[in-house]
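Encoded as structure tokens, the structure appears first; notes follow it.
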Amino acid sequence: MFEISKYKKSNVKLSIRLPENINDTLKKIAKGENMSFNNVLVSCVQYAIDNIDLDKYKDIKLDDNEDKNN
């Protein structure tokens with residue numbers, strides 16, 4: 001079940017572009033749950049990661065030079 005959690009260790013800063021309808025929905029959820037937009041977004045991303053088969057990505061290596069924000 002999906003639950004919105006408070007994340008205190010979100011320390012990577014990045015810029016993203018969202019479709020307007022997703023942005024509006026996330027803002028409504030944040031307001032309704034009395035949480036930050038960031039907490040709602042991180043909770044959604046964590047839920048998606050928890051519910052996807054990550055086995056097909058296990059052998060992918062990130063380069064040391066790769067920008068970790070992308």
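- In this structure, the separation between CZ on F2 and SG on C44 is 4.0 Å, given to the nearest 0.5 Å.
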Please tabulate, one pair per line, all N/O donor-acceptor pairs under 3.5 Å involving side-chain atoms of residues 49-58, not counting sequence neighbours.
| residue | atom | partner | partner atom | Å |
| --- | --- | --- | --- | --- |
| D50 | OD1 | Q46 | NE2 | 2.8 |
| N51 | ND2 | Y47 | O | 2.7 |
| D53 | OD1 | D55 | N | 3.1 |

Please list, one pair per line, the donor and acceptor atoms closer than 3.5 Å that link side chains of residues 16-26 to other protein atoms, with sequence neighbours excluded.
| residue | atom | partner | partner atom | Å |
| --- | --- | --- | --- | --- |
| T25 | OG1 | N21 | O | 2.9 |

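- Here OG of S36 is found 15.0 Å from NZ of K31. Values are rounded to the nearest 0.5 Å.
- Take K6 and apply the side-chain contact (heavy atoms from CB on, under 4.5 Å) test, not counting sequence neighbours, and it matches M35, N39.
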